[in-house]
Asks: 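Encoded as structure tokens, here's the structure I'll be asking about.
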Amino acid sequence: MDWSKRKATAQLAEMAAGDTVLLAGWVHRHRHHGGLVFFDLRDRSGVVQVVVHPENPAFALAARLRPEWVVEVRGQIALRETAAVNPKIATGRIEVVPSELAVLAEAAPPPISPSDEGEIDEGLRLRHRYLDLRRPQMQRNLEIRHLALQTARRVLTEQGFWEVETPNLTRSTPEGARDFLVPSRLAKGRFYALPQSPQLFKQLLMVAGIERYFQVVHCFRDEDLRADRQLEFVQIDIEQSFVDREDVIALAERLTVALVREVAGWEVPDAFDRLTYRQAMDRYGSDHPDVRFGMPIEDLKQRAEGGVVPFLAQALGAGERVVALNCPARLSRKQVEEMAERSGLALAWLSVEAGETKGSLARFFDAKGAGAWGVADGTLLVGHGVGDEFLQQMGGLRLRIARELGLIPEGRHQFVWVTDFPLLEWNAEDGRWQAVHHPFTAPLDEDAEQIESHPAQVRSKQYDLVLDGNEVAGGSIRIHQRDVQERVFARIGLSAEQAAEKFQFLLEAFRYGAPPHGGIAFGFDRLVMLMAGMPTIRDVIAFPLLSSGADPLTGAPTEVADDQLQELGISVRPPAAPGRPDPA
RNA sequence: GGAGGCGUGGUGUAGUUGGUUAACAUAACGCCCUGUCACGGCGUAGAUCACGGGUUCGAGUCCCGUCGCCUCCGCCA
């Protein structure tokens with residue numbers, strides 16, 4: 001069979017009546033009128049209608065066709081009569097009259113239909129992913145992913161970056177997420193780890209003088225899955241030498257703008273707005289704020305100081321913050337109580353209806369007084385508490401209200417940088433300081449001297465790129481001075497000996513002339529998800545895992561044969577029976 | 001580890017305060033149909049209502065437990 005003449009159905013829209021074409025694809029829908037048969041032939045590019053009249057030798061076979069059969073059609077393009085033109089499909093102006101029709105493969109009735117648009121159970125979709133991926137929406141998603149990959153490679157190559165691959169079988173490192181371990185057969189009892197990111201290798205590449213590196217790289221983190229998190233995910237990983245923060249940000253903007261303009265067709269500015277971590281927390285209660293809508297967290301310190309509401313003045317006196325969300329809609333008591341509970345907040349509230357104040361604060365205010373606190377047609381939701389954790393609860397409330405009231409504009413997309421993250425955070429569970437980003441992140445020059453004296457005050461050269469409330473990229477300028485690196489290690493409780501043992505290869509490399517360097521990594525699946533307008537990254541990954549970590553298509557993860565384990569020197573302890581204590 | 005939602009023919013759903021033979025759409029099968037494009041018409045078949053236990057004269061419906069899927073919190077340098 002010579003397929004070289006085969007046309008894609010989408011090409012047919014431009015062809016002239018009478019042209020002979022060879023097509024092949026799947027029967028999408030089949031319409032049998034007794035004396036006349038229509039079927040839609042689907043390939044990757046779209047669909048085209050094939051019409052078979054009773055005098056056509058192919059008629060008997062055409063009448064027998066069923067959905068998802070694979071067929072080959074040789075035939076002529078015919079213009080449809082005006083009344084028969086279908087403006088809803090790209091090839092709706094024409095149809096194909098077959099001179100030859102052949103069935104290349106019959107198909108059993110599919111458990112999920114590629115021609116249906118409705119919701120289907122996700123487990124079933126993944127069980128039959130090859131059918132799910134036949135759906136035009138899923139094919140568009142994979143095409144968007146492909147275009148994004150090619151655009152990223154092109155833009156970075158234009159900017160002088162080399163794509164360098166780094167190993168998947170590497171060493172387990174402390175800090176960060178749980179590692180996936182791979183047992184070594186050659187060295188029984190020892191394990192490789194799959195990389196959580198190529199962080200250390202890309203820094204070594206900078207020491208190696210590569211200067212500009214990128215990689216489309218699979219990363220592995222053994223944590224619980226979410227709509228935007230898989231055990232295995234893809235980063236566009238970038239690192240540059242002889243740069244400071246502004247250089248990396250400018251490069252990331254250049255790449256991001258090219259991606260969303262070319263692939264998604266969005267209109268975005270050449271450079272993005274910025275917030276410091278402090279501003280993001282204070283205004284939005286999040287380090288990845290959705291800035292597509294307003295309703296910022298307002299500080300009520302000045303108003304509450306007046307003592308109009310005694311318990312708020314008391315809270316201030318006790319060193320708490322008093323803040324509010326000015327919700328643009330009048331909420332019922334029930335709504336407020338429900339939102340307060342789901343946000344874990346004790347909320348006071350105030351609204352004005354027909355000149356009467358309503359809500360738990362109503363007794364402290366008349367309508368005029370409420371107006372002075374900013375209450376108009378909506379509801380003022382007041383909370384008080386301490387620290388970023390409290391602000392995050394308010395931020396969660398802000399998002400909940402926005403979703404419920406539909407305040408988030410559809411079809412609008414907004415990037416924002418978050419900078420000046422804290423370098424360190426206190427881990428109460430382990431009773432020690434730990435790196436917010438990773439231990440190689442450089443402190444701001446002006447804050448570095450406080451690493452020992454005021455660790456919580458030290459800001460870092462970390463920057464995160466946020467799109468519509470999703471963290472889509474994050475990076476930092478790295479420490480390239482040995483003494484600073486040692487001070488950070490010491491602060492997070494790694495002695496010189498421990499640091500030497502765990503990161504010896506990096507520290508040793510740094511002895512031989514490390515250039516100043518920094519980089520950024522894009523969460524590629526997430527970015528594609530947002531560009532494709534999908535609710536989960538599973539929709540832009542060809543073969544994702546369920547949120548249980550299982551793959552219903554292959555059955556992974558599975559048990560393995562005893563001799564496989566033996567060869568690796570591994571014995572498996574059976575999981576504890578339900579309701580019984582672990583025998584170990 | 002925790003919270004919530006869901007689980008009914010192949011698929012997607014309905015099923016009232018517990019009350020005959022579990023309904024509808026679609027897919028499947030058969031017959032009819034010459035301009036449909038989510039084709040249409042008539043008919044046939046297809047469900048131990050996720051699983052286990054309980055309450056009750058009687059459970060798809062109420063209660064308890066288990067499992068699975070989804071979402072969120074924890075977790076994710």
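When reading the values below, keep in mind they use all heavy atoms of this one structure, side chains included, and skip hydrogens, waters and symmetry mates.
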Asks: Can you confirm whether A:Pro544 sits close enough to A:Ile537 that some side-chain heavy atom of one is under 4.5 Å from a side-chain heavy atom of the other?
Replies: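 Not in contact.
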Asks: Ignoring hydrogens and geometry beyond distance, is a side-chain donor-acceptor pair present between A:Gln215 and A:Asp237 at under 3.5 Å?
Replies: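 No donor-acceptor contact under 3.5 Å links the two side chains.
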Asks: Take atom P in B:G15 and the same atom in B:A50, then report the distance between them in whole Å.
Replies: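 About 15 Å, rounded to a whole number of Å.
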Asks: Mind checking whether A:Phe524 and A:Phe233 have ring centres under 6.0 Å apart?
Replies: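 No.
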Asks: Between A:Phe421 and A:Tyr463, is the ring centre distance below 6.0 Å?
Replies: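 No, the ring of A:Phe421 stays outside the 6.0 Å limit from the ring of A:Tyr463, centre to centre.
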Asks: Within the structure shown, what part of the strands sits under 4.0 Å from A:Ala84 by heavy-atom distance: base, sugar-phosphate, or nothing?
Replies: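 Base, at least one base heavy atom under 4.0 Å.
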Asks: Heavy atoms under 4.0 Å is the rule here; annotate nucleotides 4-12 of chain B 5' to 3' with B where the base is hit, S where only the sugar-phosphate is, and - elsewhere.
Replies: ------SSS
Asks: Mind checking the P distance from B:C39 to B:C29? Whole angstroms is fine.
Replies: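 My reading of the P atoms in B:C39 and B:C29 gives 15 Å.
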Asks: Side chain of A:Arg229, base of B:C76: donor and acceptor closer than 3.5 Å?
Replies: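 Indeed there is one.
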Asks: Grab the CG-C1' distance between A:Asp287 and B:C76 for me, whole Å please.
Replies: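 Rounding to the nearest Å, CG of A:Asp287 and C1' of B:C76 are 12 Å apart.
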Asks: Sort out the partner of B:C33 for me: Watson-Crick or G-U wobble, both distances under 3.5 Å, none otherwise.
Replies: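 Pair assignment: B:C33 / none.
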Asks: At 4.0 Å (heavy atoms only), tell me whether A:Ser113 reaches a base, stays on the sugar-phosphate, or touches nothing.
Replies: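 Since no nucleic acid heavy atom lies under 4.0 Å of A:Ser113, the category is nothing.
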Asks: Report the distance from atom CZ of A:Arg64 to atom P of B:C29, rounded to the nearest whole Å.
Replies: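 Taking atom P of B:C29 as the reference, CZ of A:Arg64 is at 11 Å.
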Asks: Examine B:U71: is either OP1 or OP2 under 4.0 Å from a nitrogen or oxygen in the side chain of A:Arg538? Give yes or no.
Replies: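 Result: yes.
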Asks: Can you list, by residue number, the residues of residues 465-477 of chain A that have a non-hydrogen atom closer than 4.0 angstrom to RNA chain B?
Replies: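 Correct list: empty, so none.
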Asks: Can you say whether a donor on the side chain of A:Glu223 sits under 3.5 Å from an acceptor on the base of B:G74, or the other way round?
Replies: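 Flag unset: no donor-acceptor pair detected.
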Asks: Does B:C69 have OP1 or OP2 under 4.0 Å away from a side-chain N or O of A:Ser548?
Replies: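 Looking at the OP1 and OP2 atoms of B:C69, one of them is under 4.0 Å from a side-chain N or O of A:Ser548.
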Asks: B:C70 and B:U8: how far apart are their P atoms, nearest whole angstrom?
Replies: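 Rounded to whole Å, the distance is 15 Å.
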Asks: Separation of A:Asp228 atom CG from B:C70 atom P, in whole Å?
Replies: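 Whole-Å distance recorded here is 14 Å.
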Asks: Show each protein N/O and nucleotides 30-34 of chain B N/O combination with a separation under 3.5 Å, one pair to a line.
Replies:
{"residue": "B:C33", "atom": "N3", "partner": "A:His32", "partner atom": "O", "Å": "3.1"}
{"residue": "B:C33", "atom": "N3", "partner": "A:Gly34", "partner atom": "N", "Å": "3.3"}
{"residue": "B:C33", "atom": "N4", "partner": "A:His32", "partner atom": "O", "Å": "3.4"}
{"residue": "B:C33", "atom": "N4", "partner": "A:Gly34", "partner atom": "N", "Å": "3.3"}
{"residue": "B:U34", "atom": "OP2", "partner": "A:His33", "partner atom": "O", "Å": "3.3"}
{"residue": "B:U34", "atom": "OP2", "partner": "A:Gly35", "partner atom": "N", "Å": "3.0"}

Asks: Grab the CZ-C1' distance between A:Arg80 and B:C37 for me, whole Å please.
Replies: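 Spelled out: CZ on A:Arg80 to C1' on B:C37 is 7 Å.
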Asks: Centroid-to-centroid, A:His33 to A:Phe38, below 6.0 Å?
Replies: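 That pair passes the under 6.0 Å test.
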